[in-house]
Amino acid sequence: AQPWNALIKLCGYDGKMDVALNLFQLMGKARVSRTLSTYNTLISAYARRGEWERALEVLEWVEDAGLRGNTITYSAVINACAQAGKVHQAVEVFGWMNKARVEANVITYNTLISACDKAHQASLALEVFHRMQAEQLRPDLLTYNSLISSFARDGNYEKCVEIFNQMFEASITPDAITYNGLITACAASGAWEQGFTVFEWMMSDRVRPTVWTYNQLIMCLKDTADTERALELYKRMLQGGCRPDVVTYNSLIKVCANARDSRTALELLGACPKNKVSPDLTTYNTAIVACARAHETELAQQVFQRMEPAGISPDVYTYGALLLACESSSDLPLALEVFSQMKRRRVKPSATIYHTVIKACEKGWKFDTAVALYEEMLSKGITPE
RNA sequence: GCCAUUCUUUAUGAA
């Protein structure tokens, strides 16, 4: 069964879940007996895609096959819930695990903490952290990293540092991800100087920064309108032998967008190929936002038109950004045209989309159109805030 | 033997 399991795992990596499932079913026909690892592998493949409902289904198959799930099985299912942002389900599966008297280990708890993290539930993450210790389990590096990440989202830097200090008491050496978490906390709270300070600690602790470290440092500058400093970081990472990735560009462009600097944003978009980075959907979307905020509607349209040739399909964020550009230049006819184009292209308008188009109508004194759009939105079951 | 866990980026609006 091992070669089959390995193949299923590979399909999961490639996102070819239909092939993975075929392999799984073929095992029955080929009279290869599935082991518990086979099921676990399939669950993990669904987990990485956040397909928690499918993962739960496979868990049922385990019992149907007369097998008993082990720690890995349940941890993998919990991870599927985690990846989907479903903490409640993750906790429920954890409950089943206890009921089935399957032992939870450090990895199980780490996965639960990560589930809380992804669902923005830092206090619940902390409860899980305490509970694992009550169960005589010793938190490891990943436990602390996940816990720090939970508080980092809220910009709770103080709490992150508190946890960071606890690591030393527990004789656990922080790694790059630990420091990255602290930097994220600074980015989330707008404390960019603190972020740079953490970066210094990291250097003096001889922990090598990664691309993510730089990306997160760039994000610390998002509210400063300091495009210059962001570009300095970019140069510094190049000098430090750290290759920028697409997120680096997206983050830099984000700083430009917030600074209403469409010129630098477009330069960065153009610089991607030089560093062998292909702009992705987020790159284009953010670049369009930069143009919109700079009231450069035509530039926004030009960037938009470059997407299709690049093989990238616009999504709801793309149209949201484009509509923002129309709205910012009070171009109602263009806004309506963009709006109908997005529907033709089967991109579902969100509440934000309606909000932006309605705002454009109000600017153009077309209150009747605004009301009609509002009603259309309600009739589609989209609720305004 | 094969299988599970951690960090970053995109649209409107609230204050």
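Side-chain atoms of A:Thr41 and A:Asn5 include no donor-acceptor pair closer than 3.5 Å. No hydrogens or angles considered: nothing links the side chains of A:Ser149 and A:Ser146 as a donor-acceptor pair under 3.5 Å. Checking A:Tyr319 against A:Gln341 by side-chain atom types alone, a donor-acceptor pair falls below 3.5 Å. Judged by distance alone, the side chains of A:Asn165 and A:Glu169 never bring a donor and an acceptor atom under 3.5 Å apart. A donor-acceptor pair shorter than 3.5 Å can be found between the side chains of A:Tyr234 and A:Asn275. A side-chain donor-acceptor contact under 3.5 Å links A:Tyr354 and A:Glu376. Between the side chains of A:Thr73 and A:Asn70, a donor-acceptor pair is found at a separation under 3.5 Å. Using a 3.5 Å distance cut-off with no hydrogens or angles, the side chains of A:Thr248 and A:Asn215 do pair a donor with an acceptor.
A salt bridge links A:Arg263 with A:Glu267: the closest approach of a Lys/Arg side-chain nitrogen to an acidic carboxylate oxygen falls below 4.0 angstrom. Look at A:Lys235 and A:Glu232 and you find no salt bridge, because none of the NZ, NE, NH1 or NH2 atoms lies under 4.0 Å from a carboxylate O.
The base of B:C7 lies outside donor-acceptor range of the side chain of A:Ser149, with no N or O pair under 3.5 Å. Taking only distance into account, the side chain of A:Ser350 meets the base of B:A11 through a donor-acceptor pair shorter than 3.5 Å. For A:Asn105 against B:A4, a side-chain-to-base donor-acceptor contact under 3.5 Å is present.
Distance A:Leu221 CG to B:U8 P: 17 Å, rounded to the nearest Å. Rounding to whole angstrom units, CZ of residue A:Arg48 and C1' of B:U5 are separated by 12 Å. If you take CD1 of A:Ile253 and C1' of B:U9, they are 10 Å apart, rounded to a whole angstrom. Straight-line distance from the CZ atom of A:Phe151 to the P atom of B:U6: 18 Å, rounded to whole Å. With rounding to whole Å, A:His355 atom NE2 is found 10 Å from B:A14 atom C1'. Taking atom OH on A:Tyr354 and atom P on B:A11, their separation rounds to 21 Å, with Å as the unit. Spacing between atom CG of A:Leu322 and atom P of B:U12 amounts to 13 Å, rounded to whole angstrom units. Here B:U9 presents its P atom at 12 Å from CD1 of A:Ile218, a figure rounded to the nearest Å.
Taking the six-membered ring wherever Trp is involved, the centroid distance between the rings of A:Tyr179 and A:Phe164 falls below 6.0 Å.
Here A:Asn79 lies in heavy-atom contact (under 4.0 Å) with sugar-phosphate atoms only. Among the heavy atoms of the strands lying under 4.0 Å from A:Thr352 is at least one base atom, whether or not backbone atoms are also near.
Candidate nucleotides B:U6, B:C7, B:U9 were compared by shortest atom distance to the side chain of A:Gln83, and B:U6 ranks first. Each of B:U10, B:U6, B:A4 was ranked by its minimum atom distance to the side chain of A:Lys254; first place goes to B:U10. The side chain of A:Ile72 lies closest to B:A4 when the candidates are B:U6, B:C7, B:A4. Across B:C7, B:U6, B:A4, the shortest atom-to-atom separation from the side chain of A:Asn180 is found for B:C7. For A:Leu324, taking side-chain heavy atoms from C-beta onward, the closest of the listed nucleotides B:A11, B:U8, B:U6 is B:A11. The listed nucleotides are B:G13, B:U9, B:U5; the one nearest the side chain of A:Lys359 is B:G13. The side chain of A:Thr111 lies closest to B:U5 when the candidates are B:U8, B:U5, B:A11.
A:Ile72 and A:Ile43 fall into different hydrophobic clusters, defined by Ile, Leu, Val, Met, Phe, Trp and Tyr side-chain heavy atoms under 4.5 Å apart, directly or through other members.
Contacts with RNA chain B (heavy atom under 4.0 Å) in residues 284-318 of chain A: A:Asn285, A:Thr286, A:Val289, A:Arg293, A:Val316, A:Tyr317, listed by number. Annotation: proximity of residues 325-340 of chain A to RNA chain B (heavy atom, distance under 4.0 Å) is found for no residue.
Aromatic ring orientation, A:Tyr39 versus A:Phe24: perpendicular (interplanar angle above 60°, classes split at 30° and 60°).
Counting only Watson-Crick and G-U wobble pairs whose two key distances fall under 3.5 Å, RNA chain B forms no stem of three or more pairs.
Both thresholds, 5.5 Å between centres and 30° between ring planes, are not jointly met by A:Tyr39 relative to the base of B:C3, so the two rings are not stacked.
Residue A:Lys118 places at least one side-chain N or O closer than 4.0 Å to OP1 or OP2 of B:C7.
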